[in-house]
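The analysis underlying the following values was restricted to heavy atoms, covering all of them including side chains, and did not include hydrogens, waters or symmetry mates. Index from 1, following the sequence.
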Amino acid sequence: MLKANLKSEKTDRLAGGLARLGLSPNTWTLLSLVPALLGLASLIMHQLAYGLVLFALSAFIDIVDGSVARVTNQATDRGAFIDGVVDRYVELLLYLGLLLYVGRGEFLNLPNEAWFMVLIFGALMTSFVRAYADHRGIVTDPVE
């Protein structure tokens with residue numbers, strides 16, 4: 001939803017400038033893993049601010065890949081698939097980093113690990129519900 005709201009002339013203009021670097025949309029997608037890995041390392045070292053900035057940079061690069069694909073007419077279903085898979089890896093790195101940052105303990109009488117299981121379940125349910133709705137023919141509009 002956030003990506004859909006950020007598609008505009010401004011992002012496409014920015015993407016046009018970044019497209020001049022000659023990197024393919026899929027390269028931009030894979031590049032989003034670099035700050036995410038560095039963000040994980042930062043969270044492990046208890047550098048919350050650096051970690052969050054790096055994950056924000058990863059999210060920015062994730063926006064760039066789709067915009068570059070649109071402005072260069074290279075948008076493909078394969079690229080969208082790769083983007084979605086890489087997005088899940090970045091999400092995993094964020095959750096793992098936050099779990100390691102927070103460490104053992106509890107909140108509202110539940111262990112932190114249980115809260116992260118709920119978080120991961122919610123993240124997985126989004127993809128599952130979409131895929132299952134598509135399988136059942138409930139969702140008919142194309143995924144962006």
Side-chain angles (χ1 to χ4, degrees), residues 1-135 139 141-144:
M1 184 68 148
L2 177 64
K3 281 192 219 179
N5 291 336
L6 290 174
K7 290 178 189 172
S8 70
E9 271 184 46
K10 289 181 182 177
T11 56
D12 285 352
R13 229 184 350 233
L14 173 65
L18 292 171
R20 289 190 199 108
L21 293 174
L23 300 175
S24 73
N26 288 340
T27 301
W28 282 106
T29 298
L30 294 174
L31 278 175
S32 71
L33 286 169
V34 174
L37 287 166
L38 294 171
L40 170 65
S42 295
L43 291 173
I44 290 171
M45 294 184 297
H46 289 271
Q47 299 293 322
L48 181 62
Y50 291 129
L52 296 180
V53 166
L54 288 163
F55 277 103
L57 177 59
S58 178
F60 172 74
I61 294 170
D62 184 42
I63 292 168
V64 167
D65 65 1
S67 297
V68 167
R70 275 192 309 283
V71 300
T72 60
N73 294 318
Q74 295 180 52
T76 64
D77 288 339
R78 183 176 186 221
F81 173 77
I82 292 168
D83 180 59
V85 170
V86 170
D87 287 352
R88 298 297 71 78
Y89 277 102
V90 169
E91 192 173 13
L92 170 68
L93 294 171
L94 174 62
Y95 295 159
L96 181 59
L98 289 172
L99 177 62
L100 295 171
Y101 177 82
V102 170
R104 293 197 172 268
E106 62 179 47
F107 180 70
L108 296 178
N109 294 323
L110 279 177
N112 289 340
E113 295 85 355
W115 288 108
F116 278 92
M117 288 302 298
V118 170
L119 178 68
I120 290 168
F121 176 77
L124 292 173
M125 283 304 293
T126 303
S127 299
F128 169 77
V129 168
R130 175 66 187 200
Y132 195 57
D134 183 57
H135 169 73
V139 176
D141 59 317
V143 178
E144 293 191 42

How many angstroms lie between atom CG of Leu40 and atom CG of Leu98, to the nearest 0.5 angstrom?
9.5 Å

Sequence neighbours left out, what passes ring pair (Phe, Tyr, Trp, His ring centres under 6.0 Å) with Phe121? Give chain and number order.
none

If the condition is side chain to side chain contact (heavy atoms under 4.5 Å, CB included), which residues does Leu124 pass it with, not counting sequence neighbours?
Ile120

Residues, nucleotides or ligands: over 12 heavy atoms within 6.0 Å of Met117 CE:
no

Just so I know, are the side chains of Asp62 and Thr29 near enough to count as touching, which here means a heavy-atom distance under 4.5 Å?
no

Taking atom CD of Gln74 and atom CG of Asn26, what is their separation to the nearest 0.5 Å?
8.5 Å

Minimal non-hydrogen separation, Thr76 against Gly79, with atom names
OG1-N, 2.9 Å

Looking at residues at least two apart in the chain, or sitting in another chain, which of them share a side chain to side chain contact (heavy atoms under 4.5 Å, CB included) with Ala123?
Glu91, Tyr95

Tell me, do Leu38 and Val34 make a side-chain contact under 4.5 Å, heavy atoms counted?
yes

Kindly indicate whether the side chain of Trp115, heavy atoms from C-beta on, has any atom under 4.5 Å from the side chain of Val102.
no

Hey, could you give me the OG/CD1 distance between Ser32 and Ile63, rounded to the nearest 0.5 Å?
11.0 Å

Smallest heavy-atom separation, Phe55 atom then Leu43 atom, equals CE1-CD1, 3.8 Å

How close do Ser58 and Ala36 get, heavy atom to heavy atom, and via which atoms?
OG-CB, 3.9 Å

For Val86 and Leu33, which heavy atoms make the closest approach, and how far apart are they?
CG1-CG, 3.8 Å

Test side chain to side chain contact (heavy atoms under 4.5 Å, CB included) applied to Phe116 and Leu119, step by step
CA-CA 5 Å; Phe116 278 92; Leu119 178 68; 3.9 Å; yes

Can you tell me how far apart CG (Leu54) and CG (Leu37) are? Round to the nearest 0.5 Å.
10.5 Å

Compare all side-chain heavy atoms of Asp83 with those of Asp65 and state whether any distance is below 4.5 angstrom.
yes

Considering only residues two or more places apart or on different chains, which pairs with a residue in residues 37-49 satisfy salt bridge (charged side-chain N to carboxylate O under 4.0 Å, His left out)?
none

Nearest 0.5 Å, what's the CG-NE2 distance between Leu100 and His46?
8.0 Å

Sort and list the pairs that fulfil salt bridge (charged side-chain N to carboxylate O under 4.0 Å, His left out) and have at least one residue in residues 24-51, not counting sequence neighbours.
none

Judged by modelled atom types alone, do Arg130 and Ser127 share a side-chain donor-acceptor pair under 3.5 Å?
no

Who passes ring pair (Phe, Tyr, Trp, His ring centres under 6.0 Å) against Phe128, sequence neighbours left out?
Tyr132

Just verifying a value: how many Å separate Ile61 CD1 and Trp28 CH2, rounded to the nearest 0.5 Å?
6.5 Å

